[in-house]
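Whatever order the structure lists them in is the order used to number ligands and atoms, beginning at 1.
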Amino acid sequence: MYDMNRLSAREHVDFLVLGGGVAGLSFALEAAQYGSVTVLTKRQRAEGSTQYAQGGIATVLGADDDFQKHIDDTLVAGAGLCHRDAVEVTVREGPERIRWLQSVGVEFDREGDRLHLTREGGHSRRRVAHAKDATGREVERALLAACDAQGIRVLENAIAVDLLASSRLGLGGGNRVLGAYLLDRETGEMTTHTASVTVLATGGAGKVYLYTSNPDVATGDGVAMAWRAGAAVANMEFMQFHPTCLYHPDAKSFLISEALRGEGGILRNRAGEAFMIRYDPRKELAPRDIVARSIDAEIKRRGDDSAYLDMTHLPKAFLLEHFPNIYATCKEFGIDMAVQPIPVVPAAHYQCGGVVTDLEGSTSVPQLLAIGEVSCTGLHGANRLASNSLLEGLVFGRRAALQAKEILASVRGAPPQVPDWNPGDALAPDEGVVVTHNWEEVRRLMWNYVGIVRSMKRLERARTRLGLLRGEIRDYYWQYKITPDLVELRNLADVAMLIVECARRRKESRGLHYLIDFPSSDERQMHDTVVTRGDVD
Ligand code: FAD
Ligand code: SIN
C-alpha cells in the first residue's frame, strides 16, 4: 500500500491524473467510483489557471437564452473551425454541470432565487455564472474539499517528466501509454508510476510567451509529453491573447476580467479617445481576438505603452460589489478604478489547440486521455469564446471518467513491467544560468516573432532560433541530472516549436492566427492543423 502523501519509488494505480485543476479534479471525483485514483500536481495542489479564473462559467441559464444561441456564439467566435459535435455536447451538458458544482459546494453569486449572470465579449446573452470576480478560486476550493472528503489522493510537488509510451520503451505490441516517470520536487528523486489509464489535465502553455496572464505552472508539459509519446496535437497556432492584463512594472500576470467590459467598461487610448468603434461595430464586446488586435494596433499607431480601461462612469458601490478582487489588487498598485482608468495591455492567455481527443477524451494513443486546456476537443476552433473553458473542463472531465471506466475493464491484469528511469552518467547541473537564459530567450522570441500579428519571415526566424535552442537544451538534458526547471524548459521549447510549425502551415488569417502575408481567410484551409512526432523533429 502506498503513502497517501508522498510518492513511492514505484507504484501502480488504476487512474493516474496529471493535473489538479477543474478538469483533473472533475475527472477524479467521477472516476473514484470505478477504481483507484492518484492526482498529481507539480507545485502546491491549488496552483494552476483554474484558481485564477475571474469572469466565470458560460452556460444557458437565463430566461432569454437557449442552447442554440450559445452554440451559435461559440461557432461564430471559432471562425469556422469548431467541431459542431463538441460544441453541442458542451453547451447542452453545461447546466447540469453547474448544478453538480453547486452540489459539491460551489457558491455562485445569486440574484433572488436565480444565479446572477454576467456578460462577456462574443456572448449575445448574459450567461456567465460567477462567484464575484474570483470564480476559479471558489471552484478549486470546493473541488479540492470534495476530493478530501472522498479520500482521493492529491499529491503536491510531483512533476511528470515523460509518459511511459510503450514504443519508446521498446516494449512489444502497438504504442500505448502505461503511466509516467515522475520527479519529486522535494527529494529530487525520479519514480515510476504505472497506470491502466493516464489522464493529461496539465493545463495550458501561456509561459511560452514573455507576457502572460497564466501562472508559472503553465509550461505546456502535457502537450510536449503527449507529442513525444506519439499523440496527435492540433491547432497550436491559435494562442489566445487576453486583451486586458494590468500594465504595471510590478504586477506579474494580473488579469482585468472581460466581465468589466461586459458591465460597461470603455477602452480608451492615452488621449482619452474611445477607439474601439474605429475597429469593430461591436466595440468593447467584439470577440477577444479582435479586441486584442485592436489594442495592439492602437498602441503601436500612437506609440503608447498601454491602453486604458475606463470604469469611472460606474458607481463605486457597483464596482466594489461585483469586482472586489480586481478593485483591491489595482488599489495595491496605486490605481483606484473608481476614479482613474486602468492601464491595460494584451497578454498570452489560453491555448485553443492541444492534444487531439474525441468526445470521450481519448487521444490517438491507447490508454492516454486528455482533458481541459491541454486538450483539443474541437470546441474552441480558431478562437475560444470567453468563459467556455471552465465549462469544457467540467464536461469533458466527467465524460473522460466514463471512458476510463471502460478502458479499465478492458486492460485489467498484472501491472505492466516497465524499466525504471535510467539516469545514465548524468552529472549534477553546473550551469543553472544556462537554463535561465534559454528560458528567457524562448519566451522573448515567441513574443517578438510569434505574437498577436505574425509574418512568414518572422516565423522562419523563430524556427531557426528554436532549432538551435532545442539542440542545446537536448544536450543539457541528457548530460545533467534532471531538475524541475530543466523539465519545464525542455517542454516550453518543444511547445514553442509546435506553435511555430502549426503557424507556418496555416497560410491564411483566421481567428487568433493573423498573418500579414495572408490577411484573409481561405475556405480551402478550413480544417485543423494536425502534427505528430514524425512530422516535426
Ligand atoms: P489548470 O487549472 O491550469 O491546472 C493544471 C494542473 O496541472 C495544475 O495542477 C498543475 O500543477 C498540473 N501540472 C502541469 N504540468 C504538470 C506536470 N508536468 N506534472 C504534474 N502536474 C502538472 N476560463 C473560463 O472559462 N472562465 C474564466 O473566467 C477564466 N478566467 C481566467 C483567468 C485567468 C487569469 C486565467 C489564467 C485563465 C482563465 N480562464 C478562464 C481559463 C481557465 O482558467 C483555464 O483554461 C482552466 O482553468 C484550465 O483548467 P485545467 O484543469 O485544464 O488546468
Ligand atoms: C475573464 O474573466 O476575462 C477571463 C474569462 C476567460 O478567459 O474565459
Side-chain angles (χ1 to χ4, degrees), residues 16-27 39-59 118 120-123 128-131 133-137 139-140 143-144 154-163 180-183 185 193 199-207 212-225 240 242-245 253-262 288 291 323 326 347-352 354 370-375 380 384-394 396-397 484 487-488 491:
L16 177 63
V17 186
L18 309 181
V22 66
L25 298 180
S26 301
F27 174 95
V39 179
L40 302 178
T41 67
K42 70 175 174 176
R43 287 182 188 252
Q44 298 86 353
R45 58 189 208 154
E47 187 61 8
S49 291
T50 298
Q51 78 155 341
Y52 298 101
Q54 294 184 350
I57 307 175
T59 199
T118 192
E120 294 183 353
H123 288 279
V128 180
H130 64 106
D133 56 351
T135 310
R137 196 158 65 204
V139 168
E140 184 74 16
L143 292 178
L144 279 173
V154 183
L155 291 179
E156 300 190 317
N157 294 318
I159 307 171
V161 172
D162 253 325
L163 298 173
Y181 287 124
L182 311 173
L183 171 62
R185 188 185 283 277
H193 224 103
V199 185
L200 291 172
T202 46
K207 293 298 279 191
T212 176
S213 66
N214 288 190
D216 288 346
V217 294
T219 51
D221 299 3
V223 167
M225 287 190 289
Q240 184 170 71
H242 196 290
T244 57
C245 283
S253 353
F254 186 69
L255 190 80
I256 304 294
S257 175
E258 185 147 344
L260 271 72
R261 279 177 281 129
R288 238 172 231 188
V291 180
F323 307 114
I326 295 172
H349 182 62
Y350 185 83
Q351 165 194 300
C352 292
I371 47 177
E373 191 167 339
V374 69
S375 67
H380 308 303
R384 175 180 66 105
L385 184 65
S387 287
N388 264 358
S389 46
L390 291 174
L391 178 65
E392 184 186 43
L394 289 163
F396 282 85
V487 170
E488 292 185 340
N491 291 332

message: Assess the residue pair E120 and R261 against the criterion (side-chain contact (heavy atoms from CB on, under 4.5 Å)); give the C-alpha distance rounded to whole Å, side-chain angles, the decisive distance to 0.1 Å, and a yes or no.
response: CA-CA 7 Å; E120 294 183 353; R261 279 177 281 129; over 6 Å; no
- prompt: Who's the nearest protein heavy-atom neighbour of atom 18 (N) of ligand 1, and how far?
  reply: D221 OD2, 2.7 Å
- prompt: Where is the nearest protein heavy atom to atom 35 (C) of ligand 1: which residue, which atom, and how far?
  reply: H349 CE1, 3.5 Å
field: Test item: side-chain donor near acceptor, E140 and Y52, under 3.5 Å
entry: no
task: Keeping the roles fixed (side chain from S257, backbone from Q54), state whether a donor-acceptor pair exists under 3.5 Å.
output: no
message: Does any part of the side chain of V22, heavy atoms only, come nearer than 4.5 Å to the side chain of L394, both counted from C-beta?
response: yes
Per-atom contacts of ligand 2 with H349, taking only distances under 4.0 Å to non-hydrogen atoms: 6 (C), 7 (O)
statement: Short version for A58: what comes under 4.0 Å of ligand 1, heavy atoms counted, is neither
query: Looking at ligand 1, does A158 have a heavy atom less than 4.0 Å from it?
result: yes
- request: Output yes when the distance from some N or O of ligand 1 to some N or O of T41 is under 3.5 Å, and no in every other case.
  value: no
- prompt: atom 8 (O) of ligand 2: which protein heavy atom is closest, and how many Å away?
  reply: S387 N, 2.6 Å
field: R43 with E156: basic N within carboxylate O range, under 4.0 Å
entry: no
query: Looking at side-chain heavy atoms only, is the closest gap between L40 and L16 below 4.5 Å?
result: yes
message: For ligand 1 and N214, I'd like to know whether there is a polar contact (N/O to N/O, distance under 3.5 Å).
response: no
task: Identify which of G21, G55, A347 has a heavy atom lying nearest to atom 28 (O) of ligand 1.
output: G55
- request: Identify the protein heavy atom lying closest to atom 1 (P) of ligand 1, giving its residue, its atom name and the separation to 0.1 Å.
  value: S49 N, 3.7 Å
- prompt: What protein heavy atom sits nearest atom 8 (C) of ligand 1, and how far away is it?
  reply: E47 O, 3.4 Å
message: Just to be sure I read this right, does ligand 2 sit under 4.0 Å from the backbone of L255, its side chain, both, or neither, counting only heavy atoms?
response: side chain
- request: Among all protein heavy atoms, pick the one closest to atom 14 (C) of ligand 1 and tell me residue, atom and distance.
  value: T202 O, 3.4 Å
- prompt: Does an N or O from M225, backbone or side chain, lie closer than 3.5 Å to an N or O of ligand 1?
  reply: no
- prompt: Does T219 offer a backbone N or O that forms a donor-acceptor pair with the side chain of N491 under 3.5 Å?
  reply: no
Atom 2 (O) of ligand 2 - nearest protein heavy atom and its distance: S257 OG, 2.7 Å
message: I want to check something: taking the side chain as every heavy atom from C-beta on, are V161 and L182 in contact at a cut-off of under 4.5 Å?
response: no
query: With distance as the sole test, does T212 use its side chain to make a donor-acceptor pair with the main-chain N or O of A348 at under 3.5 Å?
result: yes
message: Evaluate V22 for polar contact with ligand 1, using N/O atom pairs at a separation under 3.5 Å.
response: yes
field: Whether N214 side chain and H349 backbone form a donor-acceptor pair below 3.5 Å
entry: yes
message: Below the 3.5 angstrom mark, is there an N/O of L255, backbone or side chain, next to an N/O of ligand 1?
response: no
- prompt: So which bit of E258 gets within less than 4.0 Å of ligand 1, heavy atoms only: side chain, backbone, both or neither?
  reply: neither
message: Within the structure, is a non-hydrogen atom of E120 found at a distance of less than 4.0 Å from ligand 1?
response: no
Non-hydrogen atom of I159 closer than 4.0 Å to ligand 1: yes
task: Please step through side-chain hydrogen bond (donor to acceptor under 3.5 Å, both in side chains) for the pair T118 and H130, ending with a clear verdict.
output: CA-CA 7 Å; T118 192; H130 64 106; 5.2 Å; no
message: Side chain or backbone, does H242 bring an N or O within less than 3.5 Å of an N or O on ligand 2?
response: yes
statement: Closest heavy-atom approach to atom 40 (C) of ligand 1 among A224, A205, S389, G136 is made by S389
Under 3.5 Å donor-acceptor, E373 side chain and Y350 backbone: no
- request: Please confirm whether the backbone N or O of G56 pairs with a side-chain atom of S387, one donor and one acceptor, at under 3.5 Å?
  value: yes
Within-4.5 Å side-chain heavy-atom neighbours: S389 and R384: yes
query: Quick check: does any side chain N or O of T202 sit under 3.5 Å from a backbone N or O of G222, one acting as donor and the other as acceptor?
result: yes
query: Does G56 reach ligand 1 with a nitrogen or oxygen that is under 3.5 Å from one of the ligand's nitrogen or oxygen atoms?
result: yes
task: For ligand 1, find out whether one of its N or O atoms is nearer than 3.5 Å to an N or O atom of G20.
output: yes
query: Do NZ/NE/NH1/NH2 and the carboxylate oxygens of D221 and K42 come within less than 4.0 Å?
result: yes
message: With rounding to the nearest 0.5 angstrom, report the CD1 to CG distance, I326 to D133.
response: 4.5 Å
query: Do Q240 and H380 have a side chain donor and acceptor closer than 3.5 Å?
result: no
- prompt: Does even one non-hydrogen atom of T135 get within less than 4.0 Å of ligand 1?
  reply: no
field: Close approach of Q240 to ligand 2, heavy atoms, under 4.0 angstrom
entry: no
- line: atom 2 (O) of ligand 1: closest protein heavy atom, distance to 0.1 Å, is T50 OG1, 2.5 Å
- prompt: Of the listed options (K42, H242, H130), which comes nearest to atom 16 (C) of ligand 1 when hydrogens are ignored and any heavy atom counts?
  reply: K42
- line: A student comparing E373, E488, Q51 should find that the heavy atom closest to atom 52 (O) of ligand 1 comes from E373
Whether T41 side chain and L155 backbone form a donor-acceptor pair below 3.5 Å: yes
- prompt: Of all the non-hydrogen atoms in the protein, which one sits nearest to atom 29 (C) of ligand 1, and at what distance?
  reply: A53 CB, 3.5 Å
- prompt: atom 34 (C) of ligand 1: which protein heavy atom is closest, and how many Å away?
  reply: Y52 O, 3.5 Å
query: So is there a nitrogen or oxygen of E258 less than 3.5 Å from a nitrogen or oxygen in ligand 2?
result: yes
query: Quick one: does A160 get an N or O within less than 3.5 Å of an N or O on ligand 1?
result: yes
field: Heteroatom distance test (S213, ligand 1): nitrogen or oxygen, under 3.5 angstrom
entry: no
field: Expected output: side-chain E258 to main-chain G121 donor-acceptor under 3.5 Å
entry: yes
message: Any nitrogen or oxygen of Y350, side chain or backbone, less than 3.5 Å from one on ligand 1?
response: no
task: List the closest protein heavy-atom neighbour of atom 4 (C) of ligand 2: residue, atom name, distance to the nearest 0.1 Å.
output: R288 NH2, 3.5 Å
